[in-house]
Amino acid sequence: MTVNKLSAKQLVRAKITALGTYVPPRVLTNKDLESLVETSDEWIMARTGIRERHIAEKGVGTSDLATEAAKKALAHRGVKPTELDAIIVGTVTPDMLFPSTACLVQNKLGAQGAWGFDLSAACSAFPYSLQCGVQFIMTGAHKKVLVIGADVMSSIIDYTDRATCVIFGDGAGAVLLEPAAAEEEGIIDFIHEVDGSGGCSLNMPAGGSLNPATHETVDKKMHFVHQDGQAVFKYAVRKMADVSERILQRNGFTGKDVSCFIPHQANLRIITNTAERLGMPMERVIVNIDRFGNTTAGTIPLAMQTALEEGKLKKGGLVLLASVGAGFTVGATLMRWAY
Ligand code: UT7
């Protein structure tokens, strides 16, 4: 197939046909954190909306969570791993720098026919990975793409730093992308943006080529998440609403047309601020940050699961995803829910 010769008419819309999620069983509550750092359940609830988060046991990697989520998504649709064409894993906590988590998941699933890769976009990794998968479906290159958002944030969190350890949790979610039928809209549009000048506000400074692991990098705690919380907060509040407004506007919609808004779960205050600016009642906004915290690439598929459980994802309903994350990365996706 010569992709660059395809006309708009030949492009096929993509749709999500299955979802699977997984969180490790161990729960770390705000009360538990009170014994680790100087904090309180009241402060964490009031400033973030988080009550508890799930934490992986030692020896459990992102590929393990991703594989469990993937198995559920495939079982949901009755698709065999061998039918997959590609696997895309959005993560900032790969099991190791290489091979990619996608390779590890491919092997654990037994998806011999699939190629794949990891995508690094922090909290926007799920929307970015989803859009990559969509492109393969749209061109007709692939029929079944598995898109996974998964992170074991506890592996890069300093549990003596109260500014970060209360926020993050571990989790994974996977969706299956397939071609939509001619009359279906499926995934309608996306807007992605990067502002690389924000890199200093949220990062993990060591472990890559610039600062490879040394005794010094370990002593200086450079293998943990470092965040300027207020800078990220201000950027997120502004950009989540901006990007959501723009994607709705350019498709002829307003916040009132959206039946389900699934935002990245970083802070309840960011979510409520965004919903308010979009004129969206909170009944249509998915919030599960209280139970899972910020699972980075996992939040949006985990929130999709919550939306399904709450009966808020109905076939044909207009669904908006939005995220802001380290980079800075910004993403929004508009779709009609397809099942
Ligand atoms: O998903 C990736 C993107 N990340 C985000 O979107 C995170 C965005 N940022 C945030 O969500 C918030 O900035 C935080 C939740 C990280 C922090 O909340 P904040 O209201 O911005 O707190 P702050 O950093 O301004 O700190 C206010 C006070 C400080 O004390 P002083 O200096 O006023 O005495 C902090 O030391 O709260 C203190 N503090 C805490 N107190 C109890 C900070 N963390 C804690 C804590 N428990 N865990």
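Heavy atoms only: backbone and side chains are in, while hydrogens, waters and symmetry mates are out. Every number for a ligand or one of its atoms is a count from 1 in the order of the listing.
Residue N294 has at least one heavy-atom neighbour below 4.0 Å for each of these atoms of ligand 1: 1 (O), 2 (C). Heavy-atom contacts of H264 reach the following atoms of ligand 1: 1 (O) (cutoff under 4.0 Å). Near C123, the atoms of ligand 1 lying under 4.0 angstrom from a non-hydrogen atom of the residue are 1 (O), 2 (C). Close contacts of ligand 1 with A266, meaning ligand atoms under 4.0 Å from a residue heavy atom, involve 1 (O), 5 (C), 6 (O). Numbered from 1 in the order shown, with element, the atoms of ligand 1 that lie under 4.0 Å from a heavy atom of N267 read 10 (C), 11 (O), 12 (C), 15 (C). Close approach of ligand 1 to V166 is summarised as follows: ligand atoms under 4.0 Å from at least one heavy atom of the residue are 48 (N).
A donor-acceptor contact under 3.5 angstrom links the side chains of T217 and H223, judged on distance only. A donor and an acceptor atom, one from each side chain of T93 and D151, are located under 3.5 Å apart. Residues D118 and T91 have side chains that never bring a donor and an acceptor to within less than 3.5 angstrom of each other.
Annotation: side chain of K314 is not in contact with side chain of V319 (no heavy-atom distance under 4.5 Å). With contacts defined as side-chain heavy-atom distances shorter than 4.5 Å, the pair M335/L321 qualifies. Proximity of F253 to V258: side-chain heavy atoms (C-beta onward) are nowhere separated by under 4.5 Å. Side-chain atoms of T329 and C123, non-hydrogen and from C-beta on, never get closer than 4.5 Å to each other.
Shown here, atom 35 (C) of ligand 1 is in close reach of the protein: a heavy atom of it lies under 4.0 Å off. Counting protein heavy atoms under 4.0 angstrom from atom 26 (O) of ligand 1 gives zero. Within the 4.0 Å cut-off (strictly below), a protein heavy atom is located near atom 48 (N) of ligand 1. Counting protein heavy atoms under 4.0 angstrom from atom 45 (C) of ligand 1 gives one or more. Within the 4.0 Å cut-off (strictly below), a protein heavy atom is located near atom 10 (C) of ligand 1. Within a 4.0 Å radius of atom 1 (O) of ligand 1, the protein has at least one heavy atom.
Annotation: atom 7 (C) of ligand 1 to nearest protein heavy atom, Q227 OE1, 3.5 Å. The protein atom (non-hydrogen) at minimum distance from atom 30 (O) of ligand 1 is R162 NH2, 4.2 Å. In terms of protein heavy atoms, atom 3 (C) of ligand 1 is closest to V232 CG1, 3.5 Å. For atom 15 (C) of ligand 1, the closest non-hydrogen atom on the protein side is T48 CG2, 3.5 Å. Shortest contact from atom 16 (C) of ligand 1 to any protein heavy atom: I167 CD1, 3.5 Å. When only non-hydrogen protein atoms are considered, atom 19 (P) of ligand 1 lies nearest to R269 NH2, 3.9 Å.
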Exercise for the section: Applying side-chain hydrogen bond (donor to acceptor under 3.5 Å, both in side chains), run through D64 and T67 and close with a yes or a no. Expected result: CA-CA 5 Å; D64 296 308; T67 302; 5.8 Å; no
Exercise for the section: Determine, step by step, whether M280 and T274 satisfy the side-chain contact (heavy atoms from CB on, under 4.5 Å) criterion, reporting the C-alpha distance in whole Å, the side-chain angles of both residues, the deciding distance to 0.1 Å, and the verdict. Expected result: CA-CA 9 Å; M280 236 180 253; T274 308; over 6 Å; no
Exercise for the section: Check the pair I16 / W337 against side-chain contact (heavy atoms from CB on, under 4.5 Å), numbers first and verdict last. Expected result: CA-CA 7 Å; I16 292 175; W337 194 249; 4.0 Å; yes
Handout entry: salt bridge (Lys or Arg N to Asp or Glu O under 4.0 Å) between E83 and R77, worked out
Key = CA-CA 12 Å; E83 294 176 61; R77 180 75 172 149; over 6 Å; no
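Remark: R291 engages T306 in a side chain to side chain donor-acceptor pair (under 3.5 Å) (not counting sequence neighbours).
At a 4.0 Å heavy-atom cut-off, ligand 1 touches T39 through backbone and side chain alike. Looking at W43 against ligand 1, only its side chain comes within 4.0 Å, counting heavy atoms.
For L202, the closest heavy-atom approach to ligand 1 falls below 4.0 Å. Using a 4.0 Å heavy-atom cutoff, I270 is listed among the residues neighbouring ligand 1.
Taking only non-hydrogen atoms, the option from R47, M240, Q230 nearest to atom 21 (O) of ligand 1 is Q230.
Within the structure, salt bridge (Lys or Arg N to Asp or Glu O under 4.0 Å) contacts touching residues 325-339 (residues at least two apart or in different chains) are E185-R336.
Aromatic ring orientation, Y235 versus F328: parallel (interplanar angle below 30°, classes split at 30° and 60°).
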